[in-house]
Amino acid sequence: PASLPPVSPAPPSEVPSAPTAPPDVETPASSAENNREITEQDIEEARTLVETRRAAAMAALEEQADLTEEQSKALTDIFDKMNAQLQDSADDLVEHSLQQGKIERRDMLAFGADVLDAAVVAEDSIHTVLPSQQIEGLDPELYNPLNFVGGDTVSSLARLRNMEVPEFK
């Protein structure tokens with residue numbers, strides 16, 4: 001193969017500076033909505049939204065992948081197991097943060113790692129249930145494990161709603 005010519009970096013005066021946020025997006029500091037107290041109704045609405053999304057995702061997957069009853073049950077078991085792991089991680093984060101009186105950045109990072117780990121395990125398990133010829137041609141978003149997160153995790157994390165969240169800089 002032909003080699004490409006080396007690319008020299010642009011002089012510093014020609015490198016555009018990155019904007020801090022797109023102009024049409026409110027940052028947390030500028031949003032009055034973010035300063036509003038989160039109510040039990042807000043939490044219940046978020047939980048309902050997540051559960052509705054999960055049900056719609058499963059219905060779409062069943063229809064578009066033409067799942068057998070056995071595959072549907074196996075996938076439900078995979079997503080239930082993932083949600084149990086997420087629930088445990090959320091409960092650990094909540095309990096530790098409530099004991100400490102604040103949410104630690106490291107604890108948030110660990111929770112994020114737990115979420116990714118559970119999603120990767122679920123994704124791998126999905127591929128053991130659905131053969132490659134069945135997955136071929138499907139939009140990967142149809143079987144994205146994060147579309148199957150349950151509302152219990154939302155309810156758990158909502159217990160932290162009055163705590164200050166550390167900034168990531």
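Quick note: numbers below take in every heavy atom, side chains included, and nothing from hydrogens, waters or symmetry partners.
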Less than 4.0 angstrom from a charged side-chain N to a carboxylate O is my criterion; do Lys81 and Asp77 meet it? no
Taken to the nearest 0.5 Å, the spacing of Leu61 CG from Leu130 CG works out to 6.5 Å
Any side-chain heavy-atom pair of Asp42 and Glu37 under 4.5 Å: no
So, Glu104 and Gln100: side-chain donor and acceptor under 3.5 Å apart, yes or no? no
For Glu136, is the CD atom crowded, meaning more than 12 foreign heavy atoms sit under 6.0 Å from it? no
Sequence neighbours excluded - salt bridge (Lys or Arg N to Asp or Glu O under 4.0 Å) pairs with any residue from residues 114-127: none
Ile43 vs Arg161 side-chain heavy atoms within contact, under 4.5 Å: yes
Atom pair CD1/CD1 of Ile126 and Ile135 - distance to nearest 0.5 Å: 7.5 Å
Check the hydrophobic clustering (I, L, V, M, F, W, Y; side-chain heavy atoms under 4.5 Å; chains of links allowed) and say if Leu157 and Ile38 are grouped together. no
Between Ser97 (side chain only) and Val94 (backbone N and O only), is there a donor and an acceptor less than 3.5 Å apart? no
In terms of side-chain heavy atoms, does Ser156 have a donor or acceptor partner in Gln87 at a distance below 3.5 Å? yes
Under 4.5 Å between side-chain heavy atoms, counting indirect links through other Ile/Leu/Val/Met/Phe/Trp/Tyr residues: same cluster for Leu146 and Leu138 or not? yes
Can you tell if the side chain of Met163 reaches within under 4.5 Å of the side chain of Leu98, non-hydrogen atoms only? yes
How about Glu141 and Asn144: does a side-chain donor come under 3.5 Å of a side-chain acceptor? yes
Within the structure provided, determine whether Phe111 and Val115 are in side-chain contact (heavy-atom separation under 4.5 Å). yes
Salt-bridge test for Asp80 and Arg54: reply yes if a basic N is under 4.0 Å from a carboxylate O, no otherwise. yes
Exercise: do Gln71 and Glu62 side chains pair donor with acceptor under 3.5 Å: no
Distance from Ser155 atom OG to Glu44 atom CD, nearest 0.5 Å? 6.5 Å
Hydrophobic cluster identity match, Val50 and Met58, side-chain contacts under 4.5 Å: no
Between Glu51 (side chain) and Gly151 (backbone), is there a donor-acceptor pair under 3.5 Å? yes
Give the cluster check for Leu116 versus Tyr143: same hydrophobic cluster or not, with ILVMFWY residues linked at side-chain heavy-atom distances below 4.5 Å. no
For residues Leu86 and Val149, determine if any side-chain heavy atom of one lies less than 4.5 Å from a side-chain heavy atom of the other. yes
When you check the gap from the basic side-chain N to the acidic O, do Glu40 and Arg47 get nearer than 4.0 Å? no
For residues Asn147 and Arg53, determine if any side-chain heavy atom of one lies less than 4.5 Å from a side-chain heavy atom of the other. yes
Reported NE2-to-CZ distance for the pair His96 and Arg106, which is rounded to 0.5 angstrom: 9.0 Å
Thr76 vs Phe148 side-chain heavy atoms within contact, under 4.5 Å: no
Leu67 to Ser72 - nearest heavy-atom pair and separation: CD1-CA, 4.2 Å
Mind listing the closest non-hydrogen atom pair of Ala90 and Thr153 along with its distance? CB-CG2, 4.1 Å
Could you walk me through whether Val121 and Met82 pass side chain to side chain contact (heavy atoms under 4.5 Å, CB included), step by step? CA-CA 8 Å; Val121 169; Met82 176 188 75; over 6 Å; no
Validation row: Val154, Leu49 side chains within 4.5 angstrom (heavy atoms): no
Test side-chain hydrogen bond (donor to acceptor under 3.5 Å, both in side chains) on Gln41 and Glu45 and set out the steps. CA-CA 6 Å; Gln41 181 180 349; Glu45 287 173 5; 2.9 Å; yes
